Amino acid sequence: AYQGRAALVVRPATTEEVAAVVRLCHDAGVALVPQGGNTGLCGGSIPDSSGRQVVLSLTRMKRIREIDLANETITVEAGVILQQLQEAASQAGRLFPLSLGAEGSCTVGGNLATNAGGTAVLRYGNMRELTLGLEVVLPDGRVWHGLRGLRKDNTGYDLKHLFIGSEGTLGIITAAVLKLFPGPHSTGTAWVALPTPQAAVDLIGHVRSLCADRLTGFEMMSRQSLEFVLDHVAGCSDPLQGPHPWYALIELRDTVPDAPLDLLLESGLGHAFETGWVIDAVIASNQTQAAALWALREGISEAQNHEGPSLKHDISVPVSQIPAFIERTDSALQQAFPGVRIVSYGHMGDGNLHYNISKPLGHADAPFKAQEQAIMQVIYQMTSAFNGSISAEHGLGQAKPDAAAHFKDPLEIELMRAIKHTLDPTGLMNPGKVFATGLE
Ligand code: 2HG
Ligand code: ZN
């Protein structure tokens with residue numbers, strides 16, 4: 001979706017080398033664009049088309065520096081691939097819980113820079129909640145050595161939170177101390193058919209009261225989303241008979257081996273059948289079946305690309321408001337743009353919907369693309385009316401700074417700009433990202 005032209009790409013292997021590059025660019029007045037696994041959906045790691053920006057790739061900084069089991073922490077460099085981090089934790093008998101579709105190629109630096117979310121936020125939080133300390137190269141080349149593995153530290157402002165989610169606009173994260181958790185020894189996975197999004201809200205409350213922290217994932221998807229996967233992703237099949245309007249994928253985990261999670265799921269779903277929240281359900285009886293159910297969820301993004309341009313809207317509203325949001329936005333869109341195919345799915349437990357739009361069946365790409373801004377306005381205005389966020393987990397990148405400037409509180413934007421100006425007065429760190437216009 002995004003193309004740029006870089007002056008050059010530098011690939012430093014150590015923090016000192018990153019600092020040396022940043023210092024040189026600072027002195028020469030050259031803009032830098034940090035890049036990790038290049039999997040972001042908002043173009044945050046893509047340079048502009050001037051051919052004058054330097055891409056600073058962190059992919060050679062891939063050391064696991066330390067695992068401190070007694071402190072339940074792991075210290076890793078920015079270029080470590082998320083999956084390698086998960087594997088390192090697992091080899092140490094622990095869990096690093098961040099999990100998302102791109103985990104085989106996205107990097108820790110990018111996860112931090114965008115405050116990545118994914119499918120286990122419900123239980124473990126976003127990347128922000130998983131981080132204890134950071135090492136950051138500042139825009140003038142100085143290094144902030146904030147790699148502290150402390151769970152308590154009230155010595156003033158918690159600076160790491162400025163850099164997490166700042167998308168490379170305040171400095172370059174080179175390493176982090178991250179939290180580890182006990183590894184799960186039992187997993188229970190269910191795929192359920194639901195009559196309405198309200199049934200999903202009711203079900204999530206019920207399952208949570210029954211299972212408490214064992215509930216690690218609650219994903220929801222519309223029939224349209226599943227149909228795209230069945231049509232375009234090889235080897236996928238519908239686990240249930242007949243079409244149903246909505247589906248949820250529920251995951252429970254326990255640290256106890258052979259924990260009776262299937263029984264918990266059965267009892268939770270039994271009640272849900274009686275109340276009418278659930279129409280049909282299947283519980284995975286082994287890991288292969290569970291993986292097949294997850295493939296249906298994780299295939300949606302790719303499947304939608306086969307249907308022409310996918311207009312992505314990564315929104316969040318309070319969980320309780322999701323049903324009303326869907327009902328009102330669906331109807332406003334169908335009225336203004338008849339026939340558009342609404343592919344809504346996402347991290348229901350976090351109130352985060354990927355409310356993506358495909359062109360009407362049989363229509364050409366170009367006239368549909370021409371409506372992109374108008375469609376976006378309808379969706380973001382509705383999001384705003386529900387007190388939601390126009391970017392829940394993908395960041396702003398170069399895709400959404402204008403929308404953020406429009407829909408965020410002007411005071412918040414003013415404070416953000418003040419912080420940007422203090423840390424990066426020359427505006428050389430990832431210009432054109434997060435903020436609608438550069439500060440230079
Ligand atoms: C997901 O949850 C990702 O599958 C991608 O955040 C969402 O492609 C998208 O819009
Ligand atoms: Zn997502």
Side-chain angles (χ1 to χ4, degrees), residues 1-2 36-45 82-83 97-107 110-111 113-128 165 167 191 200 216-222 224-229 232-233 236 246-251 291 293-317 319 322 325-326 329 340-359 372 375-376 379-380 383 388-400 403:
Y2 301 96
N38 206 8
T39 61
L41 290 168
C42 298
S45 61
L82 175 55
Q83 195 171 323
L98 190 80
S99 180
L100 52 141
E103 62 199 17
S105 46
C106 65
T107 58
N111 298 149
T114 57
N115 184 26
T119 52
V121 172
L122 179 61
R123 163 71 179 84
Y124 301 98
N126 293 294
M127 194 60 171
R128 190 182 292 290
E167 303 186 49
W191 176 269
T216 49
F218 194 108
E219 299 286 312
M220 184 176 79
M221 59 234 95
S222 62
Q224 178 71 84
S225 314
L226 177 65
E227 260 167 29
F228 279 178
V229 175
H232 299 296
V233 181
C236 285
W246 293 92
Y247 301 92
L249 180 59
I250 306 170
E251 190 180 89
L293 297 178
W294 273 104
L296 296 174
R297 162 61 184 88
E298 288 187 333
I300 302 172
S301 191
E302 181 199 325
Q304 199 184 359
N305 289 335
H306 293 272
E307 295 282 341
S310 159
L311 309 187
K312 293 181 186 294
H313 310 92
D314 164 38
I315 66 95
S316 63
V317 296
V319 176
I322 291 243
F325 172 84
I326 290 176
T329 317
V340 289
R341 288 172 298 168
I342 301 169
V343 184
S344 49
Y345 63 99
H347 317 291
M348 176 75 188
D350 313 323
N352 176 194
L353 274 188
H354 299 304
Y355 194 89
N356 298 350
I357 312 295
S358 287
K359 64 187 179 183
E372 179 166 6
I375 289 176
M376 194 182 79
I379 297 170
Y380 286 171
T383 307
S389 166
I390 58 130
S391 184
E393 63 168 1
H394 296 164
L396 297 176
Q398 54 182 282
K400 304 183 205 168

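Note that ligands are numbered from 1 as they come in the structure, with each ligand's atoms numbered from 1 the same way. The analysis underlying the following values was restricted to heavy atoms, covering all of them including side chains, and did not include hydrogens, waters or symmetry mates. The structure displayed is predicted, hence computed values, not measured ones.
For atom 6 (O) of ligand 1, the closest heavy atom belonging to the protein is H394 NE2, 2.7 Å.
Residue Y345 approaches ligand 1 through these ligand atoms, each under 4.0 Å from one of its heavy atoms: 4 (O), 7 (C), 8 (O), 9 (C), 10 (O). Within ligand 1, the atoms closer than 4.0 Å to a non-hydrogen atom of H354 are 1 (C), 2 (O), 3 (C), 6 (O), 7 (C), numbered from 1 in the order shown. Those atoms of ligand 1 with a heavy atom of H347 less than 4.0 angstrom away are 2 (O). When each atom of ligand 1 is checked for a heavy atom of N356 under 4.0 Å away, the hits are 9 (C), 10 (O).
Sorting the N, O or S atoms of E393 by how far they are from the Zn ion (ligand 2) puts OE2 first.
Put simply, H394 stays out of reach of the Zn ion (ligand 2), with no N, O or S atom under 2.8 Å from it.
Among the candidates F218, W246, Y247, the single residue satisfying the ring pair (Phe, Tyr, Trp, His ring centres under 6.0 Å) test with W191 is Y247.
Neither side chain, S310 nor N305, offers a donor N or O lying under 3.5 Å from an acceptor on the other.
Of the listed residues (E393, R297, M221, E298), the one carrying the non-hydrogen atom nearest atom 2 (O) of ligand 1 is R297.
Looking at I300 against ligand 1, nothing comes within 4.0 Å, counting heavy atoms.
If you take NZ on K400 and CG on D314, they are separated by 4.5 Å, rounding to the nearest 0.5 Å.
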(request) Give the C-alpha distance, both sets of side-chain angles, the deciding distance and a yes or no for side chain to side chain donor-acceptor pair (under 3.5 Å) between Q304 and S358. (result) CA-CA 7 Å; Q304 199 184 359; S358 287; 3.0 Å; yes

(request) Kindly indicate, with the supporting measurements, whether the criterion ring-ring contact (aromatic ring centres under 6.0 Å, His included) is fulfilled by H306 and F228. (result) CA-CA 8 Å; H306 293 272; F228 279 178; 9.7 Å; no

(message) Let's go through T119 and W294 carefully: what are the C-alpha distance in whole Å and the side-chain angles of both, what is the deciding distance for side-chain contact (heavy atoms from CB on, under 4.5 Å) to 0.1 Å, and is it a yes or a no?
(response) CA-CA 10 Å; T119 52; W294 273 104; 3.7 Å; yes

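Taking all atoms of both residues into account, the shortest heavy-atom contact from Y345 to N356 is OH-ND2, 3.5 Å.
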